[in-house]
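Down below is the structure, laid out as structure tokens.
Values in this document were obtained by computation on a predicted structure and should not be read as measured data. The basis for the numbers below is simple: all heavy atoms, side chains too, and nothing from hydrogens, waters or symmetry mates.
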Amino acid sequence: MNRALRYATVGVIAVSLSAGGSAAAFAAPQDLHAAKPVVATAPAAASLTAKASVNSVKAWQEFRISGAAKGITAGTKVTVQQKQGTKWVSLPAQSPVAKSGAYSVRVKLGIKGVNQLRIAAARTVSPVVSVTVR
């Protein structure tokens with residue numbers, strides 16, 4: 001150790017001892033920037049429910065699909081999707097999720113027969129709801 005460093009170290013210890021900090025002068029150094037453990041909680045899994053107001057309608061007759069959204073931010077738009085062949089197609093029927101988590105979407109369908117519908121919000125989808133158009 002070089003002479004200047006030695007004198008500086010002795011000076012710091014002497015000042016600490018004279019100030020009554022004998023325990024502090026010889027205590028193990030603490031890492032003030034140590035990361036504190038963070039308890040991570042898993043986010044609630046997002047889910048959607050869906051129920052149609054009717055089981056059967058005439059072509060282009062309006063009905064509603066209502067339900068609840070859990071784990072989805074209020075104001076997020078939910079969209080009605082219709083199964084056409086093997087693909088799910090988004091319809092131009094949307095509604096925002098309320099603060100309570102509830103939503104209600106007005107729907108009109110023109111494809112006759114049994115229509116399979118679901119509600120989607122981002123990557124979350126509801127169970128399938130069937131409505132017959134006569």
Side-chain angles (χ1 to χ4, degrees):
M1 191 183 292
N2 71 18
R3 189 178 300 170
L5 184 58
R6 233 180 306 162
Y7 287 140
T9 303
V10 171
V12 169
I13 292 172
V15 169
S16 295
L17 288 174
S18 67
S22 61
F26 297 104
Q30 295 179 357
D31 186 6
L32 299 177
H33 301 291
K36 295 179 182 177
V38 176
V39 178
T41 56
S47 65
L48 288 166
T49 62
K51 182 171 174 53
S53 60
V54 295
N55 292 327
S56 178
V57 293
K58 292 181 181 177
W60 304 113
Q61 180 182 348
E62 184 178 289
F63 65 97
R64 289 189 171 269
I65 297 179
S66 302
K70 292 184 182 175
I72 296 174
T73 308
T76 302
K77 292 206 181 225
V78 293
T79 304
V80 177
Q81 292 183 336
Q82 179 183 41
K83 191 162 189 182
Q84 295 179 0
T86 59
K87 295 183 180 183
W88 286 98
V89 177
S90 292
L91 300 179
Q94 295 182 340
S95 177
V97 174
K99 288 181 183 178
S100 65
Y103 69 87
S104 182
V105 185
R106 295 182 298 177
V107 183
K108 291 182 181 181
L109 299 173
I111 300 174
K112 293 191 177 189
V114 178
N115 287 267
Q116 293 181 326
L117 306 169
R118 69 181 185 185
I119 300 296
R123 297 176 188 229
T124 305
V125 293
S126 72
V128 175
V129 175
S130 294
V131 175
T132 303
V133 178
R134 344 177 212 104

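In this structure V133 satisfies the side-chain contact (heavy atoms from CB on, under 4.5 Å) test together with V57, A59, L109, K112, N115, sequence neighbours excluded. The side-chain contact (heavy atoms from CB on, under 4.5 Å) check on R64 picks up S53, S66, S104, R106, with sequence neighbours excluded. Considering only residues two or more places apart in sequence or on other chains, Q94 meets the side-chain contact (heavy atoms from CB on, under 4.5 Å) condition with K77, T79.
Hydrophobic cluster membership is shared by V105 and V54, with clusters built from Ile, Leu, Val, Met, Phe, Trp and Tyr side chains linked at under 4.5 angstrom. V107 and W88 sit in two unconnected hydrophobic clusters of ILVMFWY residues. Membership requires side-chain heavy atoms under 4.5 Å apart, directly or through other members.
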Just do the side-chain contact (heavy atoms from CB on, under 4.5 Å) check on V128 and L117 with the steps written out, would you? CA-CA 6 Å; V128 175; L117 306 169; over 6 Å; no
Pair Q84, I111 - check side-chain contact (heavy atoms from CB on, under 4.5 Å), show working. CA-CA 10 Å; Q84 295 179 0; I111 300 174; 4.1 Å; yes
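Nearest heavy-atom pair, V97 versus Y103, reported as atom, atom and distance to 0.1 Å: CA-CB, 4.5 Å. Between A50 and P127, the closest heavy-atom pair is CB-O, 4.4 Å. Heavy atoms only, all atoms of each residue included: S47 and I72 are closest at O-CD1, 4.2 Å. Counting all heavy atoms, side chain and backbone alike, Q116 lies closest to S130 at CG-OG, 4.1 Å. K51 approaches V129 most closely through the heavy-atom pair N-CG2, 4.3 Å.
Without hydrogens or angle criteria, S126 side chain to L48 main chain gives no donor-acceptor distance under 3.5 Å.
For the atom pair CD (Q81) and OG (S90), the distance works out to 4.0 Å, reported to the nearest 0.5 Å. Distance check: R118 CZ to T124 OG1 gives 11.0 Å after rounding to the nearest 0.5 Å.
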